[in-house]
Peer 1: 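Got a structure for you, questions after.
Order of appearance sets the numbers: ligands from 1, and atoms from 1 within every ligand.
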Amino acid sequence: MPETFFITTAIDYTNGAPHIGHAYEKILADVLARFRRLRGEEVFFLTGVDQHGQKVQQSAEKQAVAPQELVDGITAKFRGLWDTLGVQYDQWAATTDERHKRCVRQVLTRLWNETDPATGQSRWLYRKTEGGWYSVRQEQFLTDKERGADGEFGPEWQPVEFREEENFYFRLLPHKQWLLDLIDSRPDLIAPEFRRAELRNAVEKLEGDLCISRPAARLQWGIPLPEEFGAGFVTYVWFDALVNYISFAPGYDPAPGAVLGEFKRFWPALHVIGKDILIPAHGVYWLIMLKALGFSDAEMPRLLVHGWWNIRTASGGSEKMSKSLGNVVDPAELAGRFGAGALRYYLMGDMTTGRDADFSEERLIQRFNADLANSLGNLLNRTLNMARKYRNGVLCAAAPSPDGDAFTGPEGKAVDLAALRERAAQAVADYEREMAQHQVSQGLAAALQISAAGNELVEKSAPFKLAKSPEPADVERLDRVLYHLAEALRIVALLVSPVLPEAARAIFEQLDPEGKLPREFRLGDARWGGLADGHQLGAPVPVFPRIEVTPA
Ligand code: MSP
């Protein structure tokens, strides 16, 4: 049975347009999913949109449209973008979907009905009235964090009034020690490692429970609480949104005692999330919610926490991307100008998973031109050109070699074909290790070692001179060099395919116009010797044309 891999992303808020932060996360998850498929694993990739909440309700009011109309329009933008960028998910999670709403209500009912025999009350939820300072303008309760230096709430919150409100709460505090123990006993719970201490500290400081309802009087755009809770409440947007990971999972059923065979074939998931939503949402609320639903410690998901894309400023500094600064980068626009592949490559290649990075269009162009146009693209082009010119595109795999793998090229440089094969094997191993640890930029760097080695081989062996030499040994050397270059290209194409699926396909079309190689890419095929003796190569067509920018 193949191994299974369940991957999710955060579901994006539909109160604004998608930006490169959203795009990075979806591409990262897509790349990890494609890598697992390349390894032969069975993958389920879930992503979607978070459509409820106060912000959507407010934006809809401002624009005088129905909230559903507003979120439908923005949702279409997200889905269109994922199509453009080649993000291939298995299931779309939209929180206004009936399937999801039903599941959230079943979860709430289950938690409400699970009573403590001593009190007859729910073990997980309770009802309470609380008072606090409420901003009428922003339609939210305020905490001391919102107070200015003078201790007052600033004009952006005014008018502010003291209000009492009855709500439902989800108990967090009784589970504090359990959560600390979980963090300590499951080193794979959270990556990168430094986030573990951060979460641990936050849990130690945990002081209150989670309010999971909003009175319908101030928020209508949400999932109404089930009947057991009485009328007039909707579900708090985070409690609603987090449930998407199970409501859209294959085979999940929230009924107590349900048989979850199909579900457990994939679960636990790897949740890919940004650093801002680890604490408290995923690291505290979600884990305790799962515990309440009967998930064991071993069934807790893994959290892969990525950093943020900031913006590189003209002076070389870094600033946060924000609407008010007007520096938000639109991924659709970038893909339109440079191509989806260029954007995927840049976002994956220029960020170390878990760390922040600075977006710069200049870097995007520079990386594309250096790594893809000049290195990989150039190797493809020159290899196919030379093979066509000197051998009608036909490879000779088993050319006898009087001098084995090592010879001195026509320009006096030492050529070592065995070293190239070893470098390729090492690169494949490095690639697999890095990708399995979600380090895509390092995985890519390992893969591109092979095209660098191929280009070095061209420089050292000077095939254009070998081709002119009348020596029989040089005729054979040329065959061996061309075979090595084509093999290097075949292997690099397999390795980069999760990041650059279309380019990898295009490279295969050119390397193998007769369709002799399997088109279902497998990492197991990244072994030396896949091209047969007498294999016919195709004509070169640029896959990575250089990005030329005319200076302003
Ligand atoms: N709707 C919630 C998530 C609910 S998950 C059950 C949310 N939405 S969001 O649209 O604000 O953010 C979606 C994802 O994008 C989050 O993982 C967030 O960290 C990520 N990013 C938002 N801005 C980002 C950058 N500038 N850079 C990288 N990722 C960032 O949070």
Peer 1: Before we go on, tell me: are the rings of W267 and Y252 under 6.0 Å apart, centre to centre?
Peer 2: no
Peer 1: State which residues pass side-chain hydrogen bond (donor to acceptor under 3.5 Å, both in side chains) with H306; sequence neighbours excluded, sorted by chain then number.
Peer 2: E25
Peer 1: Before accepting this row, confirm whether a basic side-chain N of the pair D356/K275 lies closer than 4.0 Å to the acidic partner's carboxylate O.
Peer 2: yes
Peer 1: Step by step, work out the ring pair (Phe, Tyr, Trp, His ring centres under 6.0 Å) result for W124 and H175.
Peer 2: CA-CA 10 Å; W124 308 104; H175 309 290; 5.4 Å; yes
Peer 1: Any idea how W309 and Y346 line up, ring-wise: parallel (<30°), tilted (30 to 60°), or perpendicular (>60°)?
Peer 2: tilted
Peer 1: For ligand 1, what is the set of protein residues having any non-hydrogen atom at a distance below 4.0 Å?
Peer 2: A10, I11, D12, Y13, H19, G21, H22, E25, D50, W238, A241, L242, N244, Y245, I273, G274, D276, I277, H282, H306, G307, W308, W309, M321
Peer 1: To the closest 0.5 Å, what do you measure between CZ (F78) and CG (D50)?
Peer 2: 10.0 Å
